[in-house]
Amino acid sequence: MLMFLMYLIFLIPLCLLSNSWWMIHSLMFFLCFLFMFSMPSMFCWGNLSYLFGYDLISFGLVLLSLWICVLMIMASESIFRNNYYNNFFLFIVIMLLIMLYCTFSSMNLFSFYLFFEGSLIPTLFLILGWGYQPERLQAGIYLLFYTLLASLPLLVGMFYVYNFLGLLYIPLLMNNFYINNLFYLCMIMAFLVKMPMFLVHLWLPKAHVEAPVSGSMILAGVLLKLGGYGLLRVYIFLTTFYLFNYIWISISLVGGVIVSLICMRQTDLKSLIAYSSVAHMGIVIGGLMTLNYWGFCGSYILMIAHGLCSSGLFCLANISYERLNSRSLLINKGLMSFMPSMTMWWFLLSSCNMAAPPSLNLLGEISLLNSLIGWSWLTMYMLIFLSFFSAAYTLYLYSYSQHGMFYSGMYSCSLGYLREYLLLFLHWFPLNLLILNSDIIAFWL
């Protein structure tokens, strides 16, 4: 584990070189390649060193973090082209990757908490430094205070666990201490805000709309998964206390339907994709809270799938934004005439977003449907609407942006760069390839 960490730390001095953009990009691709081969062969913790180690849940999420960070550098080529503090940008991306790597591979609850909070700082710098509008300051404050306010009780909860058990080592945590309602709320609230659950989700669309493409990619791709990962870990010792889970399931499913309706009336491309993330995370929370095997596996699969799919859609939105300087659907319409070769990528990633086969989203959603309906037949009513509207707003996004009369201000056809096609391919390919080997990501408990 420390081997990969040292690799990342030694990438930092390279940021000081004047033309190190593509070199760092290539070295991070090489790191992904190396990391794939260190997959834990057993269904338990492996590669142990000091504070760090990983099992299959951690492995998938660390690999996702590495992959999305490489693609962030690839997508943000305009920063390099305009020489807009590009060395500092690379430094921020590497720092963020180090934080995420340490978060997912922490064996100790306290170090997990430190890195979990630490990942906020580079994200804030990305939004404040490279965002598009003056409102990015407000979005940054929203992001910071929503997540920090909910995370402080988690710290107190960890001290409580340490007081009783004398350890915070994740594989050895047990629930042989007194658990009350307040402790239960303290332990899960931070993760529910981070997911984000409906009612505490307002920071997410704001942050997405103001963030640059790299900020949106890492927010949708990995930072939302921190909440799900935390829930998977803390439910080890909260399994006896599931009386309140029906509240979170109800809020998430009803909220998912409401957010899907909100998606149907968005005119901002980024805002629509951001709200669709809230709807997808709603069903993930629902599946997790059922505390059964289907739910745990399904939520993990959908987290990986959503990370790739949502990140790809933000890339597409940015490609249109760079050509037309607008994210509005009123201007981004008829793109089939303007960028005909991009329409296929819009179609492929939109179909993945609505969980069409053979995408990984389909596998995740089937597992989550199983777990929720097995938990209670009443969830069927909300799941029907959730699945229908998920397809409806994705079709709305695709058809409004690709079809119709194009905006008169556009004057010629515009093909994508090879870099952009490769970027979209690297999102879409793993998303549809992983389903062929789904036993790795489905049978880890």
Side-chain angles (χ1 to χ4, degrees), residues 64-65 67-79 84 89 92-93 96-97 100 119-133 135-140 142-144 146-147 194-196 201-227 259 263 266-281 303 305-329 332 345-346 349-350 352-353 393-394 397 401 420 423-424 426-428 431:
L64 180 70
S65 308
W67 195 246
I68 297 288
C69 282
V70 174
L71 298 181
M72 276 164 68
I73 294 176
M74 205 167 176
S76 305
E77 197 255 351
S78 59
I79 291 173
Y84 187 55
F89 177 81
I92 293 288
V93 171
L96 182 55
L97 184 51
L100 290 170
S119 60
L120 271 179
I121 298 162
T123 317
L124 190 68
F125 270 107
L126 275 179
I127 293 173
L128 296 185
W130 288 270
Y132 297 127
Q133 282 121 344
E135 286 86 28
R136 62 181 185 265
L137 294 169
Q138 188 192 3
Y142 256 64
L143 167 75
L144 203 63
Y146 258 97
T147 41
K194 196 78 170 177
M195 284 289 280
H201 70 286
L202 285 177
W203 62 270
L204 184 77
K206 261 191 191 311
H208 269 308
V209 169
E210 304 307 329
V213 60
S214 51
S216 289
M217 284 168 71
I218 200 71
L219 262 174
V222 187
L223 292 179
L224 300 190
K225 316 299 171 277
L226 283 171
V259 165
C263 280
Q266 292 299 318
T267 54
D268 185 319
L269 277 176
K270 262 193 166 181
S271 187
L272 200 158
I273 303 165
Y275 273 111
S276 81
S277 291
V278 180
H280 284 303
M281 286 297 115
M303 281 196 293
H306 174 265
L308 289 163
C309 178
S310 194
S311 175
L313 282 169
F314 278 116
C315 286
L316 275 168
N318 183 65
I319 288 167
S320 300
Y321 179 76
E322 283 181 353
R323 306 290 191 284
L324 303 172
N325 289 319
S326 170
R327 291 191 310 264
S328 170
L329 271 172
N332 285 281
W345 289 109
W346 273 100
L349 285 163
S350 297
C352 288
N353 197 42
Y393 63 68
T394 310
L397 168 69
S401 61
E420 289 167 345
L423 172 67
L424 295 167
L426 291 175
H427 277 110
W428 177 82
L431 186 57

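Nothing fancy with the numbering, it's 1 onward along the sequence.
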Closest non-hydrogen atom pair between M72 and L126, with its separation: CE-CD1, 4.0 Å

Side-chain heavy-atom pair L397, N353 within 4.5 angstrom cut-off: no

Donor-acceptor under 3.5 Å (K206 side chain, E135 main chain): no

I121: partners by side chain to side chain contact (heavy atoms under 4.5 Å, CB included), with sequence neighbours left out: F125

Donor-acceptor contact below 3.5 Å, side chain T147 vs main chain L144: yes

Minimum heavy-atom distance between I127 and A211, given as atom pair plus value: CG1-CB, 3.8 Å

Set of side chain to side chain contact (heavy atoms under 4.5 Å, CB included) partners for S65, sequence neighbours left out: L97, L100, F104, V222

Contacts of type ring pair (Phe, Tyr, Trp, His ring centres under 6.0 Å), residue H280, not counting sequence neighbours: H306

Sequence neighbours excluded, every pair satisfying salt bridge (Lys or Arg N to Asp or Glu O under 4.0 Å) that has a member inside residues 307-316: none

Derivation and outcome, side-chain contact (heavy atoms from CB on, under 4.5 Å), residues T394 and S276: CA-CA 9 Å; T394 310; S276 81; over 6 Å; no

Step-by-step side-chain contact (heavy atoms from CB on, under 4.5 Å) determination, I218 to C69: CA-CA 7 Å; I218 200 71; C69 282; 3.7 Å; yes

Test log, rule side-chain contact (heavy atoms from CB on, under 4.5 Å), inputs S214 and W130: CA-CA 9 Å; S214 51; W130 288 270; 5.8 Å; no

Any donor-acceptor pair under 3.5 Å from R136 side chain to L128 backbone: yes

Partners meeting ring pair (Phe, Tyr, Trp, His ring centres under 6.0 Å) with W67 (sequence neighbours left out): F29

Ring centres under 6.0 angstrom apart (Y321, Y132): yes

Min side-chain heavy-atom separation L219-H208 under 4.5 Å: yes

Atom pairs and distances, side-chain donor-acceptor, residues 307-317, under 3.5 Å, sequence neighbours left out:
residue: S310; atom: OG; partner: S277; partner atom: OG; Å: 3.3
residue: S311; atom: OG; partner: H427; partner atom: NE2; Å: 2.8

Within residues 268-278 or reaching into it, pairs that qualify as salt bridge (Lys or Arg N to Asp or Glu O under 4.0 Å) - sequence neighbours excluded: D268-R327

Working for side-chain contact (heavy atoms from CB on, under 4.5 Å), residues M303 and L226: CA-CA 10 Å; M303 281 196 293; L226 283 171; over 6 Å; no

Shortest non-hydrogen separation from L431 to A305 and the atoms involved: CD1-O, 3.4 Å

N332 (side chain) donor-acceptor with S328 (main chain) under 3.5 angstrom: yes

Nearest-0.5 Å distance, CG of residue L349 to CD1 of residue I273: 9.5 Å

Those residues that, when tested against S271, pass side chain to side chain donor-acceptor pair (under 3.5 Å) (two or more places apart): Q266

Nearest-0.5 Å distance, CH2 of residue W203 to OH of residue Y142: 13.0 Å

Pairs where residues 315-325 contributes a residue and the test salt bridge (Lys or Arg N to Asp or Glu O under 4.0 Å) is met, not counting sequence neighbours: R323-E420

Nearest non-hydrogen partners of G129 and Y84, listed with the distance: O-OH, 3.5 Å

Student check: side-chain heavy atoms of M195 and L224 closer than 4.5 Å: no

Interatomic distance, W346 atom CH2 to I319 atom CD1 [nearest 0.5 angstrom]: 9.0 Å

Non-hydrogen atoms of A274 and L204 that approach each other most closely: O-CD2, 3.8 Å

Main-chain N/O of W428 paired with W345 side-chain donor or acceptor, under 3.5 Å: no

Closest approach of N318 to A75 (non-hydrogen atoms, all atoms of both residues): ND2-O, 4.2 Å

